[in-house]
Protein chains: 2
Amino acid sequence: MKREQIKHSIVRGLKEQGLKLTPQRSAVVEILTRDKSHPSALTIFRAARETRPSISLSTVYATLALLKKHRLIRELEFEGMDNRYDMDTDNHFNLICLQCGRIEDYINPAPVLPEVVEKQTGFRIHDVRLEFYGVCSTCAP
Amino acid sequence: MKREQIKHSIVRGLKEQGLKLTPQRSAVVEILTRDKSHPSALTIFRAARETRPSISLSTVYATLALLKKHRLIRELEFEGMDNRYDMDTDNHFNLICLQCGRIEDYINPAPVLPEVVEKQTGFRIHDVRLEFYGVCSTCAP
DNA sequence: CCCTCAAGCAGGAACCATTCCTGTTTGAGG
DNA sequence: CCTCAAACAGGAATGGTTCCTGCTTGAGGG
């Protein structure tokens with residue numbers, strides 16, 4: 001899915017739920033679709049300040065909470081760092097570099113299907129987290 | 001591996017690194033091997049108080065940090081709850097019940113091997129986290 | 001047009017698991 | 001028994017996130 005499409009689907013998602021697309025929210029969504037590096041709330045806040053200097057950190061948090069609540073974005077909680085936010089709600093692996101903080105995606109060729117686990121364990125699964133922590137090829141060549 | 005064996009391997013691990021097995025540390029290790037529910041620092045602290053009323057929360061945290069540093073236990077950071085601690089350093093899935101907080105283990109029949117991912121991506125992997133969030137069979141029958 | 005009023009916002013205080021700091025205790029090796 | 005570094009208890013500090021308060025905005029009705 002392309003950037004503009006993703007942005008559109010979020011904006012549409014907001015409207016469908018009867019929520020307003022304020023300039024502040026628009027700025028947050030804009031940054032989320034532009035920045036592919038799974039930015040943190042603070043990173044989003046700082047970027048949003050450039051186009052909208054009066055925006056507050058609380059508003060960024062509120063907007064992210066709103067989008068998360070309506071399942072338009074995903075909140076990722078990594079070890080030893082701030083929460084990060086992601087448009088991609090698909091279940092894929094995240095590769096987290098402990099040195100530079102970069103987060104890459106990795107498509108699992110043989111995925112573990114939640115349906116199978118549900119059947120085997122009786123758990124009703126809502127969310128999946130698949131993460132590898134290590135050092136990326138740039139930091140440790 | 002049985003409880004006593006695990007406890008022994010941790011005690012041995014401590015001694016091999018030249019670390020003292022103080023009564024406080026012994027209490028923490030005892031609880032970790034007894035409580036299979038991946039307890040939090042506070043849970044361990046409260047349990048330790050029963051046999052050793054003078055132990056402080058800082059000491060529990062310090063002991064857990066020490067064991068983690070020497071890779072004798074694993075620190076698990078879950079979404080929306082306190083960190084939990086686990087003796088089992090193997091790579092297995094965790095099933096987390098969002099309702100009662102219970103954490104079960106799930107052995108993946110077709111594991112994703114870190115070595116394969118390393119070869120494909122150039123990442124040097126140190127740690128793996130595989131988690132399913134949902135509702136357990138007891139909470140949603 | 002203007003009014004109303006709820007939703008949204010900015011700024012800052014509060015929260016709380018975890019870490020850090022300080023002075024005291026402990027116990028192993030001399 | 002002495003010494004001294006490691007370990008400890010208690011409490012203060014930290015910092016990302018959430019909560020609170022009073023102000024702003026803009027859509028809908030008159």
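Note on naming: letters A, B, ... go to the chains in the order of the sequence lines (proteins, then strands), and numbering restarts at 1 for each one.
- The nearest whole Å value for the distance from the CG atom in L14(A) to the C1' atom in dA7(C) is 14 Å.
- When side chains are defined from C-beta on, T43(B) does not count as touching D82(B), because their heavy atoms never get closer than 4.5 Å.
- By the 30° and 60° cut-offs, the orientation of the rings of F132(B) relative to F93(B) is parallel.
- Put simply, CD on E77(A) is 13 Å from P on dA17(C), counting in whole angstrom units.
- Phosphate contact (OP1/OP2 of dT25(D), side-chain N/O of Q24(A), threshold under 4.0 Å): absent.
- Applying the side chain to side chain contact (heavy atoms under 4.5 Å, CB included) rule to T22(A) yields the partners K20(A), Q24(A), R25(A); only residues at least two apart in sequence or on another chain are considered.
- R25(A) has its CZ atom 16 Å from the P atom of dT25(D), to the nearest Å.
- Phosphate proximity of dA9(D) to S56(B): present, with a side-chain N or O under 4.0 Å from OP1 or OP2.
- Atoms CD1 (I55(B)) and C1' (dC8(D)) sit 9 Å apart, rounded to a whole Å.
- A continuous path of hydrophobic side-chain contacts links L66(A) to L57(A) [ILVMFWY only; heavy atoms under 4.5 Å].
- Remark: R49(B) CZ is packed, more than 12 non-hydrogen atoms of other residues, nucleotides or ligands lying under 6.0 Å away.
- The closest donor-acceptor contact from the side chain of T33(A) to the backbone of V29(A) lies under 3.5 Å.
- Each end of the helix from dC1(C)-dG30(D) to dG30(C)-dC1(D) gets its own axis from five base pairs, and the two axes differ in direction by 10°, given to 10 degrees.
- The list of side chain to side chain donor-acceptor pair (under 3.5 Å) pairs with a residue in residues 130-141 of chain A, not counting sequence neighbours, reads R102(A)-T138(A), R129(A)-E131(A), E131(A)-Y133(A), Y133(A)-R129(B).
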Under 4.0 Å protein heavy-atom contact, by nucleotide of nucleotides 22-30 of chain C - B base, S sugar-phosphate only: ---------

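- Hydrophobic cluster of V116(A): the remaining members, joined at side-chain heavy-atom separations below 4.5 Å, are L113(A), listed by chain and number.
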task: Report, as a single string ordered 5' to 3', how protein heavy atoms within less than 4.0 Å touch nucleotides 16-23 of chain D: B base, S sugar-phosphate only, - not at all.
output: SSBB----

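- For R84(A) (side chain) and S37(A) (main-chain N/O), a donor-acceptor pair under 3.5 Å exists by modelled atom type.
- Contact annotation: S54(A) side-chain N/O to dA10(C) OP1/OP2 distance is under 4.0 Å.
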query: Where do E115(A) and K119(A) land on the salt bridge (Lys or Arg N to Asp or Glu O under 4.0 Å) test, with the steps shown first?
result: CA-CA 6 Å; E115(A) 300 80 42; K119(A) 209 162 250 175; over 6 Å; no

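- At whole-Å resolution of the value, CZ in F45(B) and C1' in dC16(C) are 15 Å apart.
- Using a cutoff of 4.0 Å between basic side-chain nitrogens and carboxylate oxygens, E118(B) and R124(B) are not scored as salt-bridged.
- Residue R52(B) has no polar side-chain atom (N or O) positioned under 4.0 Å from OP1 or OP2 of dC8(D).
- In this structure, L64(B) atom CG and dT19(C) atom C1' are separated by 13 Å, rounded to whole Å.
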